[in-house]
Enquirer: 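This is the structure I want to talk about, given as structure tokens.
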Amino acid sequence: KEHLLEAVKPYGETVMLAYGGGSIKTNGIYQEVMDVLKLAGKQVIEFSGIMPNPTYSKVMEGKKVVQENQVDLILAVGGGSVIDSAKAIAMGALCDQCVWSYFTTEQRPEAALPVSVLLTIPGSGSENNDQAMITNDDTLLKLSCRSAVLQPQYCLINPEIFYTISQEQLAHATVMILHRMICDYLLRCRQGANQKQLKRLEEGMRLLMRKARQLQTNRFDDDAWNQL
């Protein structure tokens with residue numbers, strides 16, 4: 001709580017709290033975050049209902065909320081879908097053009113509202129990169145946009161939050177991480193990486209699987225969560 005308090009203090013008065021289907025209200029995270037934001041003297045605008053594989057229409061809905069309420073900071077509480085939506089909303093809030101054009105052309109946003117993250121489920125890596133991935137409702141195209149202005153200001157991770165993750169969510173998170181590692185491995189192979197680099201990646205994948213298996217039987221293993 002003290003870390004979140006210090007993290008939100010430097011920004012303006014109005015914070016948009018972005019989250020998904022509402023699980024944060026049943027596991028206690030929502031109330032803890034609201035208490036901290038109240039203590040920091042922030043006005044909170046809630047933006048909920050962000051779904052897996054976030055859509056462009058939801059981003060535009062969030063853009064409207066941010067602009068109407070003159071939001072100073074977007075706090076994304078959730079996993080990759082919530083974080084990606086928050087990033088897209090953040091860049092849309094400071095531009096007049098079609099946000100989707102950033103996903104379909106080489107043009108990149110030069111400014112965005114600050115986005116901060118409280119991670120509730122691992123897997124996507126969006127909390128630690130400058131990329132957002134959104135699906136267009138009309139065309140069903142799922143595209144990404146990358147810009148330095150989309151890098152989150154900070155990310156808070158408390159392994160205790162992960163204790164309530166279901167077996168299905170754990171499996172999904174593990175597969176997502178493994179998929180990214182395999183893609184990186186194959187890319188490096190194609191680029192002619194040396195054996196030392198490849199062995200490091202292979203060991204990383206083995207470590208991921210070991211830690212995931214440990215968490216299947218002991219959800220309270222903080223070291224395994226940190227490694228994951």
Side-chain angles (χ1 to χ4, degrees), residues 1-51 54 57-96 99 109-122 124-132 134 145 147-165 222 225-226:
K1 293 181 181 180
E2 64 272 16
H3 296 298
L4 179 58
L5 180 61
E6 290 302 317
V8 300
K9 276 184 178 180
Y11 301 98
E13 178 184 346
T14 307
V15 175
M16 185 171 88
L17 176 61
Y19 57 96
S23 62
I24 66 169
K25 290 190 174 182
T26 59
N27 59 22
I29 297 173
Y30 171 84
Q31 193 56 54
E32 289 185 2
V33 171
M34 291 296 287
D35 290 345
V36 169
L37 294 176
K38 181 179 179 181
L39 185 61
K42 305 297 183 182
Q43 176 186 357
V44 181
I45 306 298
E46 294 188 39
F47 185 69
S48 62
I50 298 173
M51 65 293 290
S57 62
K58 192 66 176 178
V59 169
M60 297 308 293
E61 182 184 335
K63 173 183 176 178
K64 182 179 179 181
V65 171
V66 164
Q67 291 179 331
E68 288 179 348
N69 293 278
Q70 297 182 318
V71 167
D72 301 298
L73 170 70
I74 301 176
L75 177 59
V77 180
S81 296
V82 174
I83 301 168
D84 281 358
S85 294
K87 291 177 180 179
I89 292 168
M91 65 180 177
L94 298 185
C95 75
D96 296 323
V99 179
E110 297 180 354
L113 282 178
V115 174
S116 296
V117 175
L118 176 58
L119 189 67
T120 62
I121 182 169
S124 74
S126 186
E127 72 279 0
N128 196 37
N129 65 37
D130 58 0
Q131 184 176 351
I134 300 295
C145 171
S147 171
V149 300
L150 301 182
Q151 182 72 40
Q153 301 298 304
Y154 65 84
C155 174
L156 297 177
I157 299 175
N158 180 357
E160 292 184 4
I161 292 176
F162 302 151
Y163 295 166
T164 58
I165 290 177
D222 286 349
W225 278 121
N226 285 326

Enquirer: Tell me, do Q43 and L37 make a side-chain contact under 4.5 Å, heavy atoms counted?
Expert: no

Enquirer: Taking side chain as C-beta onward, heavy atoms only, is L4 less than 4.5 Å from L75?
Expert: yes

Enquirer: Provide the closest heavy-atom pair for V8 versus A40 in the form atom of the first, atom of the second, distance.
Expert: CG2-CB, 3.8 Å

Enquirer: Kindly compute the distance separating CG (N27) from OH (Y163), expressed to the nearest 0.5 Å.
Expert: 14.0 Å

Enquirer: Considering only heavy atoms from C-beta outward, does the side chain of K87 approach that of S126 to under 4.5 Å?
Expert: yes

Enquirer: Which heavy atom of L150 sits nearest a heavy atom of A112, and at what distance?
Expert: CD2-CB, 4.4 Å

Enquirer: Partners of E110 by salt bridge (charged side-chain N to carboxylate O under 4.0 Å, His left out), sequence neighbours excluded?
Expert: none

Enquirer: With a 6.0 Å cut-off (strictly less than), is the heavy-atom count around CD of Q70, excluding the residue itself, greater than 12?
Expert: no

Enquirer: Roughly how far apart are I74 CD1 and Y11 OH, rounded to 0.5 Å?
Expert: 12.0 Å

Enquirer: For residues V99 and M60, report the shortest heavy-atom separation together with the two atoms involved.
Expert: CG2-SD, 4.1 Å

Enquirer: Between the main-chain N or O of A93 and the side-chain N or O of Q67, is there a donor-acceptor pair closer than 3.5 Å?
Expert: yes

Enquirer: I'd like to know if the side chain of D72 reaches the main chain of T14, judged simply by a donor and an acceptor atom lying under 3.5 Å from each other, with no hydrogens or angles considered.
Expert: yes

Enquirer: Minimum heavy-atom separation for K63 to G92, with atom names?
Expert: CE-O, 3.0 Å

Enquirer: Between I83 and G78, which heavy-atom pair has the shortest distance, and what is it?
Expert: CD1-O, 4.3 Å

Enquirer: Taking the side chain as everything from C-beta on, heavy atoms only, tell me whether W225 gets closer than 4.5 Å to E160.
Expert: no

Enquirer: For residues I161 and L119, report the shortest heavy-atom separation together with the two atoms involved.
Expert: CD1-O, 4.1 Å

Enquirer: Quick check: do L39 and K1 have side-chain heavy atoms less than 4.5 Å from each other?
Expert: no

Enquirer: If we ignore angles and hydrogens, is there a donor and acceptor under 3.5 Å between the side chains of E6 and Y154?
Expert: no

Enquirer: What's the separation between atom CE in M34 and atom CD in E46, rounded to the nearest 0.5 Å?
Expert: 5.0 Å

Enquirer: Between P10 and L73, is any pair of side-chain heavy atoms under 4.5 Å apart?
Expert: no

Enquirer: Is any side-chain heavy atom of P109 closer than 4.5 Å to one of C145?
Expert: yes

Enquirer: Using the salt bridge (charged side-chain N to carboxylate O under 4.0 Å, His left out) criterion, which residues pair with K58? Sequence neighbours excluded.
Expert: E61

Enquirer: Can you list the residues that meet the salt bridge (charged side-chain N to carboxylate O under 4.0 Å, His left out) rule with E13, with sequence neighbours excluded?
Expert: none

Enquirer: Could you tell me the separation between the SG atom of C155 and the CG atom of N128, rounded to the nearest 0.5 Å?
Expert: 7.5 Å

Enquirer: Using the rule given for side chain to side chain contact (heavy atoms under 4.5 Å, CB included), can you reason through I89 versus M16, listing the C-alpha separation, both sets of side-chain angles and the distance that settles it, and then say yes or no?
Expert: CA-CA 11 Å; I89 292 168; M16 185 171 88; 4.1 Å; yes

Enquirer: Working to the nearest 0.5 Å, report the span between CD of E127 and CD1 of I121.
Expert: 11.0 Å

Enquirer: Return the CG to NZ distance between L17 and K42, rounded to the nearest 0.5 Å.
Expert: 13.5 Å

Enquirer: Would you indicate whether the side-chain heavy atoms of F47 and V82 approach each other to under 4.5 Å?
Expert: no

Enquirer: State whether the side chain of N69 and the backbone N or O of V71 hold a donor-acceptor pair below 3.5 Å, judged by distance alone.
Expert: no

